[in-house]
Amino acid sequence: MSLTDILMQQLVNGLVLGSFYALVALGYTMIFGVIKLLNFAHGDVYMVGGFVGFGVLSAVGGTLGADWGGIAVAMFLSMIAMGCLGVVIERVAYHPMLAAPRLSILITALAVSLVLQNSVLTLTDGQITAFRTDLGFGGLEIGHVFITYNQMVLVGTAALLMIALETFVSRTQYGRAMRAVSIDKDMCRLMGIDVAKVIAITFFIGSALAAAAGTMAGAYYGSIWYFMGFLIGLKAFTAAVIGGIGSIPGAMAGGLILGLLEAFGTQIPGIGSEWKDVFSFSILILVLVFKPTGLFGKSETERM
Amino acid sequence: MADDAASRRRRDPAPSRPNTGVAQLLAVFDDPRKFWLAIAVVLVAVAVAPLLFGQYATVILTNALLYVVLCLGLNIVVGYAGLLDLGYAAFFAVGAYAVAILGQQTALGFWAAIPFALVAAAAAGVIIGGPTLRLRSDYLAIVTLGFGEIVRFSARNLEITGAASGISGIEQPSLFGWHIDSPTEFYYVFALLSVFAVIASVRLANSRLGRAWLYVRHDEDAAEAMGIDRVRVKLAAYVIGSIYGAIGGIFFAVNLGAISPESFSFEQSVLILMAVILGGMGKIPGVILGAFIIVLGPELLRDLGELRLLVFAVGLLLIMLFRPSGIWPSRKS
């Protein structure tokens with residue numbers, strides 16, 4: 001394989017990885033937009049979404065088949081379930097804390113994350129669950145670059161979800177309300193916008209996107225476990241920061257950029273796959289230090 | 001045993017910081033003779049504990065005392081300065097690995113290696129805190145989390161840290177011909193460290209720097225307007241916290257004789273943070289109580305198996321929602 005082929009292959013891998021990051025990063029950035037909270041539990045919503053998707057697929061796989069048709073149903077139901085979970089989390093844990101000091105709400109978010117993680121840990125005994133599907137490994141070979149059909153479907157689905165989100169946010173009334181709430185909550189209240197409802201919708205959508213990513217990742221990699229939300233949560237946050245936290249196009253771009261950086265980064269001599277995570281976290285720290293507003297973010301000064 | 005530990009700790013001195021509850025608690029210590037008597041009782045209890053309990057209990061108590069040191073260190077960062085640090089285990093790791101590596105690769109003795117380990121931890125604190133303390137507080141939280149993972153991944157991948165299997169055969173220290181090797185001896189070493197940690201924490205809280213932390217935590221703008229350099233003050237908290245962590249790590253390494261990357265996982269950072277929050281951020285007796293709960297709790301809840309982490313997690317959530325100032329002090333105005 002020539003260098004170009006290797007790079008092209010990594011481009012494909014990076015796009016797949018980047019799609020997952022982008023979907024999870026969108027939730028971070030949307031939730032951050034409306035309540036200025038870094039939702040630590042978001043990675044765990046992704047993880048629980050993976051498990052719910054797996055559960056649904058196990059239930060309906062017999063009749064619908066465990067290929068993309070069955071997975072689509074599983075993903076859809078998991079998205080709805082996780083959307084509701086997101087709304088419940090917001091209502092129970094974050095809503096009472098919105099007026100509390102920032103440190104308290106951050107710790108609350110961490111506690112929610114631990115509750116989700118340890119609930120699944122208890123239910124699964126900490127074992128890795130095999131996510132069995134009937135997806136084949138077929139694909140297209142273009143030159144020396146091999147792209148599986150799974151990768152195409154996955155990137156395509158992620159793209160569709162993102163287009164749908166973009167349309168929702170830019171074209172609908174609730175999307176407009178969401179953007180307004182992220183700018184000035186009090187003014188929105190004066191204008192008659194039901195802020196609590198907008199926040200709930202934001203949590204629903206953000207969590208549903210994470211669930212979609214979780215189900216697809218489970219089906220794609222073939223396994224799920226209770227700790228899988230931790231790393232991707234951290235990386236999706238990195239992606240959101242690269243794009244500029246609070247910015248929806250930023251989260252999409254940031255996810256893809258981070259996915260590509262990781263895929264190409266592992267090809268740099270000295271950075272093997274074992275250093276992959278260190279590489280991403282270093283990017284996170286460097287971006288935060290040198291360009292904390294990211295690519296699309298607005299600068300703002302924070303006061304605790 | 002938790003009750004026993006708790007009741008012993010209950011007589012600990014409270015820091016004289018103007019927090020609700022603490023002031024009331026201090027009322028118990030109004031009589032200075034009673035106050036010192038209480039401290040004497042606690043110290044005697046700590047001193048005779050290994051004689052009363054068996055070796056197993058001594059080992060557990062040693063672990064609890066290690067957590068007291070770590071939690072008091074994190075308390076400076078989270079409780080005093082109000083910075084959320086999710087990668088505190090990194091400093092614990094830096095201390096432990098620095099001593100283990102220096103012991104293996106150089107002829108420096110254990111005691112001579114300590115300053116290097118402390119400098120390494122402080123340097124790590126400055127490197128990670130320096131650029132990020134200006135940022136939003138939640139950015140800081142995630143950067144510390146990332147940093148903790150970087151340290152663990154590096155320990156797992158580097159040759160000098162013994163990769164995934166870690167470093168074993170760390171020599172136990174001796175002091176003036178006294179070889180510290182039995183569990184009981186290590187218990188007393190940790191008891192001494194805890195006492196120093198408490199004294200240092202009390203002194204820090206009452207110092208000029210301690211007051212600066214209090215202002216910065218309550219109102220950063222006002223503090224800055226009064227001429228407090230908030231970044232420097234936060235950095236001081238961060239570095240002092242990292243030194244506490246390193247001290248814990250140094251003695252953790254020689255106590256166990258072997259360390260591996262998994263001792264310094266995110267879970268470790270979370271456990272320490274939980275102890276600080278459970279007990280009550282910023283309050284020394286609360287933090288000590290939290291450390292004991294975190295260590296003794298799982299021993300008592302051993303039958304629950306993996307459920308105990310869930311129990312802790314739910315407990316943390318409930319405390320944040322209903323009692324954000326921690327379970328200690330129990331009387332609130």
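Here is the naming used below: chain letters follow the sequence lines, and residue numbers restart at 1 for every chain.
Atom OG1 of A:Thr108 is separated from atom CG of B:Leu318 by 11.0 Å, given to the nearest 0.5 angstrom. B:Leu84 contributes atom CG, which lies 12.5 Å from atom CD1 of A:Ile105 (distance to the nearest 0.5 angstrom). How far CZ of A:Phe281 is from OG of B:Ser154: 11.0 Å, rounded to the nearest 0.5 Å.
Within a 6.0 Å radius of CZ in B:Phe153, other residues, nucleotides and ligands contribute more than 12 heavy atoms.
Only the side chain of B:Ile128 comes within contact range of chain A, with at least one heavy atom under 4.5 Å from a heavy atom of that chain. Neither the backbone nor the side chain of B:Val151 comes within less than 4.5 Å of any heavy atom of chain A. Neither the backbone nor the side chain of A:Thr238 comes within contact range of chain B, judged by heavy atoms closer than 4.5 Å. Residue contact with chain B, scored on non-hydrogen atoms closer than 4.5 Å, involves the side chain of A:Leu110 exclusively.
A:Asn118 pairs in a side chain to side chain contact (heavy atoms under 4.5 Å, CB included) with only one of the listed residues (B:Leu310, B:Val311, B:Val314), which is B:Leu310.
Of all heavy-atom pairs spanning A:Ala93 and B:Leu321, the tightest one is O-CD2, 3.5 Å.
Between B:Ile142 and A:Phe40, the closest side-chain pair of non-hydrogen atoms falls below 4.5 Å. Contact of the A:Leu114 side chain with the B:Met274 side chain is registered, since non-hydrogen atoms from C-beta on lie closer than 4.5 Å.
In this structure, the ring of B:Phe266 has its center less than 6.0 angstrom from the ring center of A:Phe230.
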